[in-house]
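Each remark here refers to the structure printed beneath this line.
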Amino acid sequence: MRYSKSFIKTSHQAPKDAETASHRLLARGGFIYPLGAGFYSLLPMGFRVYQKIYDIITEELNRIGVEDMIMPVVHPARVWKETKRFFEVGPELWKIKNRFKEDFVLAMTHEEVITDAAKPIISSYKDLPKLVGHIQTKVRDEARARGGLLRTKEFTMQDAYSFDRDEEALDKSYQKFIKAYNNIFERVGIETIMIESDVGAMGGLGANEFMMIAKNGEDKIVVCKKCWHAVNADVLGISRESNAIRKGTKCPKCRSTNLTFKRGIEVGNIFKLGTKYSIPQKLFYTDERNKEHPVIMGSYGIGLERLLASVVEASHDKDGIIWPTSIAPYRVYLLGIDKKSAADKTYQQLTKAGVEVFYDDRDATAGEKFADADLLGIPYRATVSAKTKGKIELKKRGSKQVKLVTTSELARRIK
RNA sequence: CGGGGAGUAGCGCAGUCUGGUAGCGCACCGCGUUUGGGACGCGGGGGUCGCAGGUUCAAAUCCUGUCUCCCCGACCA
C-alpha cells in the first residue's frame, strides 16, 4: 500500500484526554477513530492488525477442534427470558424494542443463543463432546467506557462453547482451551498469567481469567508468594490492599498470608458453566442406559480490540508502537528520501515478492517519514536514498542498528 | 450513578473573569527554496464559538435549560 493512497492521517498530537499509551498511540497513528464514547472505528491500519489477531485466534482454536460459525447480534428476548438473565443481568444488558414493542437484546454474550442452537443437534451421548465458536460483535451498556479500546461498549469477541457429558469431560475441554489461550497470547506477543476469578453473571462451577500484568490495568490481582496461586481480588472480597493485609487475608490455596498485589488487564476469560444454561433451556442428552442428563457446558472468550490495545500497552516506546511481527499491520515501512524512482522500483519488487509493504511515497521530509515509521511501529524500516548507493538501508523497529542490503536480500531477511 | 474537568476550524489551544462581532500552533491549498529525524519563506481557504431560550443597542463572553465528551470512583459476561 502506498501512503498517498491509504485512508490514513497520523498526528503529532494525541486526543486531549487520552491517557493510556495504547489510546494515545492508536489514535495518533490513525489506527482507530472514535465515533462516540465507547464506540470506535478501526481504520485500515488498525483493521489489518485486528485481522492478524483474528487469524491467530481462529487457527489456535481450530487446532483444538473448535468449529467456526456465526450467530446474530440482535436476539429475541425469549432465550434470555428462559435463563432469567433478561431480568437478572442489570443495566449492562442492552435491551431494545421493535416496532411492535416486543423485547430484544443486543448480544452481550452468546450462551443462550448457542444453547438454543444446540438443541436439535445434541440429543445423545454419541453427540458429545462438541466444540464450537465464533467471532462476533458484543454490545454492553457499560457504565463507563475507558482507555480507548481497553473498555468499549461495542467490541468483537471470540467466544467458544463446549458441550460435554459430565464434569470430567468438561475438565478436558477446559484444559484444551487453557492451552489454546496460552498459545494465542504468546503468539500475539504478550505475557499473561491465569488467575482464579469470579463466575459473575455467567454463573456456573468456576472461572479463570487470563491477565496481562499492567500498571494501569483495571483489575486487582492477588498473588501468593508461597505457592504462586493468583486470584482476582474480587474473589477474596478485597477492596483495599491495606485492609487485606491488616485483616490477614490468606491465600485460598495454601493459606499463606505472604501475598503480593498486582494490576492487570483481563484479555481472556473462561467459564465452567455446568448446567446453568442447559437446564433452563432444556438441552439434554440421553446416555447409554436411556437416561436423560443436562449437557455440561463451558464458555470461553477473548476480546479482540482489547487484546490489540494490550499489545500496544506492552510494546511501545516514546516514539510509538512496536508491533510484534506476528500481528504487525505491514512487514516493512519503505521510504525514499531523495531517490523517488528507486524507491518506487523497490516497492514494486517487494510487492511482487509478496512482502507486505507500506510505502511512504509522500513528498515529505526524511524526518517526517522516520517519525511515522516509528509511530506506526512496523517491524522493519527500509530506506532508499543517494547515500545507500543502489542498496537499501534496513533497520528493525526499536533497534539502532542499520544494514545495507539488496532488494532480494531484503525480501529474504524480513520474511 | 456520585465526584471532578471540558465543549471555540480536522487536531491541540488562547480569548470568557472585565460584553463591542474571533485568534494562535499543527494539518490543508498555491508558488518558491529545501530534504538522513516531525524544514523554511510568501500568499491563501476553512469556524451560525455544542444546542435552545433569555438579558442587552450589542453575547464565544452574562443568566436558565439541555446535549455531548474525558478523568477518578461505584459497576463490569
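As the structure is a computational prediction, the values presented were derived from the model and not from experiment. Each chain gets a letter, A, B and so on, in the order the sequences are listed, and its residues count up from 1. Every heavy atom of this structure was used, including side-chain atoms; hydrogens, water molecules and symmetry mates were not.
- A 6.0 Å sphere centred on CZ of A:Phe87 holds more than 12 heavy atoms belonging to other residues, nucleotides or ligands.
- When rounded to the nearest whole Å, the span between CG of A:Asp219 and C1' of B:G73 equals 15 Å.
- Taking only side-chain atoms of A:Pro15, from C-beta outward, the nucleotide of B:G38, B:G36, B:G12 with the closest atom is B:G12.
- Atom CD in A:Glu218 sits roughly 13 Å away from atom C1' in B:C71 (whole-Å rounding).
- Only the P atoms considered, B:G45 is 15 Å distant from B:A22, to the nearest whole Å.
- Using atom C1' as the reference point in both B:C70 and B:G50, the two lie 15 Å apart (nearest Å).
- You won't find any donor-acceptor pair under 3.5 Å spanning the side chain of A:Arg28 and the base of B:G12, going by distance alone.
- Every side-chain hydrogen bond (donor to acceptor under 3.5 Å, both in side chains) that A:Glu356 has, sequence neighbours left out, goes to A:Arg48, A:Lys52.
- In this structure, the ring of A:Trp323 has its center less than 6.0 angstrom from the ring center of A:Phe31.
- Side-chain polar atoms of A:Thr109 and A:Glu111 form a donor-acceptor pair below 3.5 angstrom.
- With a 3.5 Å ceiling on both atom-pair distances, the Watson-Crick or G-U wobble partner of B:C1 is B:G73.
- Rounded to the nearest Å, the gap between the C1' atom of B:C67 and that of B:G25 is 30 Å.
- Using a 4.0 Å heavy-atom cutoff across all strands shown, A:Ala107 reaches no nucleic acid atom at all.
- Backbone-only contact: A:Gly147 has heavy atoms under 4.0 Å from sugar-phosphate atoms and none from a base.
- Nucleic acid contact class of A:Asp319 (heavy atoms, under 4.0 Å, all strands): none.
- When heavy atoms are screened at a 4.0 angstrom cut-off, A:Ala14 is found touching the sugar-phosphate backbone but no base atom.
- Using a 4.0 Å heavy-atom criterion, one finds that A:Asp372 contacts the bases of the nucleic acid, with or without backbone contacts as well.
- Note: NZ (A:Lys369) to P (B:A39) measures 12 Å, nearest angstrom.
- Nucleotides B:G15 and B:A60, compared at atom C1', are 8 Å apart to the nearest Å.
- For B:U55 and B:U64, the C1' atoms lie 11 Å apart once the distance is rounded to whole Å.
- Pair assignment for B:A6 gives B:U68, based on Watson-Crick or G-U wobble hydrogen-bonding distances that are each under 3.5 Å.
- Sequence order on RNA chain B of the closest nucleotides to A:Tyr33 and A:Thr388 puts A:Tyr33 first from the 5' end.
- The C1' atoms of B:C62 and B:C49 are separated by 15 Å, rounded to the nearest whole Å.
- Under 3.5 Å, the side chain of A:Gln13 and the base of B:G25 form at least one donor-acceptor pair of N or O atoms.
- Pairing of B:A39, defined by two Watson-Crick or G-U wobble distances under 3.5 Å, is identified with B:U33.
- Distance A:Asn216 CG to B:C72 P: 9 Å, rounded to the nearest Å.
- Base pairing annotation: B:U21 forms no Watson-Crick or G-U wobble pair, as no partner gives both donor-acceptor distances under 3.5 Å.
- Within 4.0 Å (heavy atoms only), A:Ala143 reaches at least one base atom of the nucleic acid.
- Residue A:Arg144 places no side-chain atom within donor-acceptor reach of the base of B:G2, judged by atom type and a 3.5 Å distance cut-off alone.
- Here B:C75 is the nucleotide among B:C28, B:C75, B:G38 with the atom lying nearest to any side-chain atom of A:Arg146.
- B:U48 is unpaired under the Watson-Crick or G-U wobble criterion, no partner having all donor-acceptor distances under 3.5 Å.
- By the 6.0 Å contact criterion, CD on A:Glu102 is enclosed, its count of non-hydrogen atoms from other residues, nucleotides or ligands being greater than 12.
- Atom CG in A:Leu375 sits roughly 14 Å away from atom C1' in B:G37 (whole-Å rounding).
- Atom CZ of A:Phe370 and atom C1' of B:U35 are 10 Å apart (whole Å).
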Point to revise | Trace of the side chain to side chain contact (heavy atoms under 4.5 Å, CB included) decision for A:Leu375 with A:Arg28 | key: CA-CA 8 Å; A:Leu375 176 61; A:Arg28 281 188 53 206; 4.0 Å; yes

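- Considering only side-chain N and O atoms, A:Thr365 lies nowhere under 4.0 angstrom from the phosphate OP1 or OP2 of B:U35.
- The residue among A:Ser239 and A:Ile337 whose nearest nucleotide of RNA chain B is located toward the 5' end is A:Ile337.
- Judged by distance alone, with hydrogens and angles left aside, A:Asp374 brings a side-chain donor or acceptor within reach of the base of B:G37, the pair sitting under 3.5 Å.
- One P atom belongs to B:G10, the other to B:C71, and the distance between them is 22 Å to the nearest Å.
- As rounded to the nearest Å, B:U21 and B:A59 have P atoms that lie 12 Å from one another.
- Base-pair partner of B:A58: not found among the strands shown (Watson-Crick or G-U wobble, both distances under 3.5 Å).
- Applying the 6.0 Å contact sphere to NZ of A:Lys95 captures more than 12 heavy atoms from other residues, nucleotides or ligands.
- Distance CZ (A:Arg151) to P (B:C69): 17 Å, rounded to an integer number of Å.
- One can place CD1 of A:Ile392 at 20 Å from P of B:G36, the figure rounded to the nearest angstrom.
- Taking the six-membered ring for Trp and the full ring otherwise, the centers of A:Phe177 and A:Tyr174 sit at least 6.0 Å from each other.
- Distances shorter than 4.0 Å separate none of the side-chain N or O atoms of A:Arg381 from OP1 or OP2 on B:G37.
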